[in-house]
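Fair warning: this is a prediction, and the values are worked out from it, not measured in the lab.
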Amino acid sequence: MVQNLNTKIPNQTASMDNNSKKKRKAQTPEAKFQFELNSCSKSKDLSAAISVYDDAVSTNTRINQHHFNALLYLCSNSVNNVSLKDTALHHGFRIFDHMTSLGINPNEATLTAVARLAAAKGNADRAFELAKAVQNYGSAPRLRTFDPALFGFCELGNSGKAYEVEEHVNGSGVTLEEPQLTALLKVSAKNGNANKVYEYLHKLRSSVRCVSETTASVIEEWFHSGKGSEVGLEDLAPVKEGILRNGGGWHGQGWVGKGDWLVRRTNVSAEGRCCGCSQQLVCVDIDDEETGKFARSVANLALEREVKANFSEFQGWLEKHACYDAIVDGANVGLYQQNFADGGFSISQLDDVVKELYNCSGKKWPLVILHNKRMRGLMDNPSSRRVVEEWMNNGALYTTPTGSNDDWYWLYAAVKLRCLLVTNDEMRDHIFELIGSNFFNQWKERHQVHYTFVKGNLKLQMPPPYSLVIQESEKGSWHVPLALHTGDETSRTWLCITRQSSQDAEANVCNSVDTPNFNHHNTKDAEGPQEFSNGVGIMDSQVDENNTTSLTGKRKERSPPL
């Protein structure tokens, strides 16, 4: 007879029931409370959680900080529910009072939850005091810690207190993000504080590349309100100076012009021309102060990791030869697509890049950075020696010494001279992570030139014609990009904000920085470079077509120390 395996044997069933009863009987009140509270938290059942809490209090069950935080979190999350708000506030403060009466110190999570309760009750001042108290208990405040007070004051229209919260946030080493900046912008606009509106627009510009629809609506409301129509600069000299000093795209000197604003939603062409006002947007560089800090940071790290005398010698040499418009990462170009059996260092590829830059800059030589070990190998070959000697005779070559990492040299030169850098190295490895600058990507966007060789023909991809960032022009107009929800860049919506009084004037923006004229070279010579189009330079340089294989990965040009 075959037994049905799904049928439990009576003795086995009785044994399992007895074990379950023993487990339930052995479960401590604390464990039972923990289990039931976890269930309430998962289901977000506030009423059940309060009932479980009251039972624990009545039976003198030990309640720890974690339990109190779970209860307070449930309460603070329930204040947005109209039917639960009063219950959440009443029991939330009762639970917090109980916690303090037991001498249990709160942490950041505790005080943040109670601050949310206070703000929901309309008491932003208490929410602010709770946020400031976090450090008194040995915890580090977070952005969420200040949110209840900041948003509370903004909703109440108390801009002065909101600015005070912002000051405390900055002093705590916490960085505001778009929602907080938008709230501050909105309360400033509501109170007609044109200077503060201007300040927060620039804070959004520096920290948010493309704004949300919520932020865009707040910006539109301000310019439609007309409260800033009479605010404007008369002396435009600082504006022009600010554009140059700040790397283009903004001047930060205040509102320019007077009169009502015209606000439109429009698009920007692939070349960076606004379809609303015809102004040309720019590729924004980092400003003078950031450039100086960046250069010093690279130099300090290089001096720590390189032979100090070698890099110091390069710094001194560069001070005397600061006329270059482009730096070339020689190893990166020479080793491009050389990962095949007979591949090596392609001097012809590197020479094509040098000649292209030379021709497109009005006969001005770039600077090639190359390791001396590589240079010695090239000098042993008569054909490549001729090319290297031409570079040397024209001051277009700097060789890095034995034991050095040439990455530090070409990066420092490009930053220090504020010029273009030709390399496909995306600078993502550890030495670049050490720099840790939040403007590194912005600098790369403005200065890095990528390249390809397709069937022996060189193509240089110049920096994009414009940056996806809020831009303030010398004429006082604003262009604000919105976050894109599709992959088609030309469909991105931009806010085009101009003075109505300036609409009849010719839209001729002077909002740019001095850069090499690589984007406008044009020649009909079949052997020379063709016209640059949309920031992409093309040259029919002849390279061995057998070398056009897949792109090589990252490379390090370093010789072993002696």
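- Checked against side-chain hydrogen bond (donor to acceptor under 3.5 Å, both in side chains), K363 has the following partners two or more places apart in sequence or in another chain: N359.
- The list of salt bridge (charged side-chain N to carboxylate O under 4.0 Å, His left out) pairs with a residue in residues 196-211, not counting sequence neighbours, reads E166-K203, K196-E199, E199-K203, R209-E445.
- By the ring pair (Phe, Tyr, Trp, His ring centres under 6.0 Å) test, Y398 is found to be paired with F314, W317, residues two or more places apart in sequence or in another chain being considered.
- Remark: R385 engages no residue in a salt bridge (charged side-chain N to carboxylate O under 4.0 Å, His left out) (not counting sequence neighbours).
- For R296, there are no side-chain hydrogen bond (donor to acceptor under 3.5 Å, both in side chains) partners, not counting sequence neighbours.
- For E241, there are no salt bridge (charged side-chain N to carboxylate O under 4.0 Å, His left out) partners, not counting sequence neighbours.
- Between W261 and F223, the angle of the ring planes goes over 60°, which puts this pair in the perpendicular group of the 30/60° scheme.
- Residues passing the ring pair (Phe, Tyr, Trp, His ring centres under 6.0 Å) test with W443, sequence neighbours excluded: F294, H447.
- Listed by chain and number, the residues in a side-chain hydrogen bond (donor to acceptor under 3.5 Å, both in side chains) with Y466 amount to none (sequence neighbours excluded).
- Listed by chain and residue number, E213, E220 satisfy the salt bridge (charged side-chain N to carboxylate O under 4.0 Å, His left out) test with R265 (two or more places apart in sequence, or in another chain).
- Looking at residues two or more places apart in sequence or on another chain, you find a ring pair (Phe, Tyr, Trp, His ring centres under 6.0 Å) between W365 and Y358.
- Partners of Y163 under the ring pair (Phe, Tyr, Trp, His ring centres under 6.0 Å) rule, at least two apart in sequence or in another chain, do not exist in this structure.
- Scanning for side-chain hydrogen bond (donor to acceptor under 3.5 Å, both in side chains) contacts around D288 gives R418, with sequence neighbours left out.
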